[in-house]
Amino acid sequence: MIPFNKPFMTGRELWLIAQAHANGHLSGDGRFTKQSHAWLEQRTGARRALLTHSCTAALEMSALLLDLKPGDEVIMPSYTFVSTANAFVLRGAVPVFVDVREDTLNLDERLVEAAITPRTRAICVVHYAGVACEMDAILDIAARHGLAIVEDAAQAIMSSYKGRPLGTIGDLGALSFHETKNIISGEGGALLCRDEQFAERSEILREKGTNRSRFFRGQVDKYTWVDVGSSFLPGEITAAFLCAQIEEADQITAHRLAIWERYHQWAERHEQAGRLRRPIIPADCKHNAHMYYMLLPDLDSRTRFIAEMKAKGVQTVFHYIPLHSAPAGLQAGRAHGDLPNTVALSERLVRLPLWIGVEEHLESIFAAADDVLS
Ligand SMILES: *Cc1c(COP(=O)(O)O)cnc(C)c1O
């Protein structure tokens with residue numbers, strides 16, 4: 001069976017973990033965490049980058065930083081992972097689900113303004129497949145209505161919009177290093193603070209509500225409990241693994257893009273024959289080849305495609321079940337309108353295996369899919 005995903009390792013992970021072990025510093029915020037922070041800040045231009053134990057944790061930190069109160073509303077797509085909504089629901093906030101664009105499956109910025117109420121506090125965008133939302137329009141709406149922007153950039157490390165790295169365009173950004181993402185540490189994530197506004201408080205929330213980070217920098221002579229908080233940071237073993245990955249982030253991205261391009265060229269003939277629709281990358285977006293998906297004509301053809309590909313030894317998978325119609329989404333959230341694109345596209349989308357090393361199987365994947373599609 002050719003798997004849908006296979007985590008890539010550069011080969012340096014164990015060596016760096018051995019160094020963390022030898023350093024004798026295994027809890028968080030040691031040398032490897034600092035190295036990761038420096039790399040993320042340098043590569044993204046974020047004022048502050050902080051490793052977390054997941055993207056989910058970084059989203060939860062965002063909800064805390066925005067001081068959301070029960071009943072506050074956060075506009076977001078329904079076509080996303082549960083953590084996008086849960087992070088805010090945990091604070092008692094109400095997700096307001098808005099439909100996605102037909103071309104990118106990203107939050108449809110043209111529908112956002114109509115979903116704003118006096119309780120709206122923030123917009124949480126999701127850059128699906130590492131392809132940016134229409135951020136200029138969203139920034140403009142947020143500025144006019146005094147709303148914060150959180151970017152769920154879980155899939156979007158190394159992607160950009162008009163040259164700006166994703167995760168640093170809104171006030172706060174959340175990255176994921178889960179093993180299904182491009183750059184990994186098993187479980188892992190990072191919070192990006194675009195500017196000074198949230199930089200200091202984010203350190204405090206992450207360190208159990210204490211000013212321990214300032215203490216370690218010698219800025220205060222003892223550390224104490226100053227705010228709410230939790231333990232959101234990973235240990236040094238995880239950070240050491242991540243360091244081995246970020247050393248090769250450019251090569252990993254280039255390698256994935258080459259595989260993505262091969263899928264895209266292969267699928268062109270089928271698109272022209274009307275059998276599927278390929279991903280659409282807007283001109284302003286530089287993506288990171290997080291995912292290669294296709295949109296088949298309907299749910300039946302997708303179900304058949306997945307089953308027949310499986311019979312031919314290729315694992316292909318669908319993606320999100322829309323949150324607005326899920327049991328918890330119905331209870332905790334509210335849909336703005338009918339979300340026709342979310343409903344239809346989520347039934348048609350199928351993802352193909354994209355991992356470093358899959359290139360030696362591409363010809364057999366193409367042959368299997370040619371067979372199933374025609
Ligand atoms: C993977 C993913 C998450 C969750 O990331 P974790 O690091 O597993 O918490 C959240 N949102 C989106 C859009 C994702 O793809």
Side-chain angles (χ1 to χ4, degrees), residues 4-5 7-8 36 40 49-64 74-90 95 97-98 100-101 104-107 122-133 135 149-159 161 166-167 169-170 172-192 206 230-235 238-239 241-242 245-246 256 279 285 287-293 317-324 326 328-329 333 342 345-346 349 351 354-355:
F4 167 68
N5 184 53
F8 172 69
S36 305
L40 285 167
L50 293 170
L51 291 194
T52 55
H53 50 72
S54 63
C55 174
T56 302
L59 290 168
E60 288 176 17
M61 287 180 69
S62 303
L64 282 167
V74 180
I75 292 171
M76 65 180 67
S78 164
Y79 190 67
T80 182
F81 189 60
V82 291
S83 296
T84 317
N86 259 335
F88 300 101
V89 171
L90 273 170
F97 298 114
V98 168
V100 292
R101 295 173 58 107
T104 55
L105 283 79
N106 281 333
L107 185 69
I123 304 169
C124 184
V125 299
V126 179
H127 304 298
Y128 188 65
V131 179
C133 297
M135 291 309 292
I149 299 177
V150 177
E151 294 176 73
D152 181 338
Q155 303 174 9
I157 193 166
M158 309 292 280
S159 292
Y161 169 81
L166 301 191
I169 302 171
L172 295 159
L175 302 175
S176 175
F177 304 120
H178 186 265
E179 74 165 33
T180 52
K181 304 303 200 282
N182 290 20
I183 305 295
I184 62 174
S185 60
E187 301 280 353
L191 177 73
L192 304 177
R206 178 170 165 274
S230 187
S231 184
F232 289 114
L233 67 170
T238 298
F241 191 110
L242 183 66
Q245 295 265 318
I246 56 185
R256 294 185 69 100
C285 302
H287 75 108
N288 61 355
H290 173 60
M291 185 193 299
Y292 198 84
Y293 69 80
V317 294
F318 57 84
H319 211 180
Y320 305 126
I321 313 283
L323 299 183
H324 73 282
T342 301
L345 299 174
S346 65
L349 184 137
R351 297 176 289 161
L354 202 175
W355 39 272

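Just so you know, ligand 1 is whichever comes first in the structure, and atom 1 is the first atom listed for that ligand.
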Evaluate the ring planes of Phe81 and Tyr320, with Trp represented by its six-membered ring, and classify them as parallel (under 30°), tilted (30 to 60°) or perpendicular (over 60°).
tilted
Between Leu40 and Ile157, is there a side-chain heavy-atom distance shorter than 4.5 Å?
yes
Counterpart residues, side-chain contact (heavy atoms from CB on, under 4.5 Å), relative to Ser78 (two or more places apart)
Phe97, Pro322, Leu323, His324, Leu339, Thr342
Are His127 and Tyr161 close enough that a side-chain donor and a side-chain acceptor fall under 3.5 Å?
no
N/O contact list for ligand 1, threshold under 3.5 Å:
| residue | atom | partner | partner atom | Å |
| --- | --- | --- | --- | --- |
| ligand 1 | 5 (O) | Ser176 | OG | 3.4 |
| ligand 1 | 7 (O) | Cys55 | N | 2.9 |
| ligand 1 | 7 (O) | Ser176 | OG | 2.7 |
| ligand 1 | 9 (O) | Cys55 | N | 3.3 |
| ligand 1 | 9 (O) | Thr56 | N | 2.8 |
| ligand 1 | 9 (O) | Thr56 | OG1 | 2.5 |
| ligand 1 | 11 (N) | Asp152 | OD1 | 3.3 |
| ligand 1 | 11 (N) | Asp152 | OD2 | 2.7 |
| ligand 1 | 15 (O) | Gln155 | NE2 | 2.9 |
| ligand 1 | 15 (O) | Lys181 | NZ | 3.3 |
| ligand 1 | 15 (O) | Tyr320 | OH | 3.4 |

Are any non-hydrogen side-chain atoms of Tyr293 and Val317 less than 4.5 angstrom apart?
no
Using distance alone, with no hydrogens and no angle criterion, decide if His178 and Ser176 have a side-chain donor and acceptor under 3.5 Å apart.
no
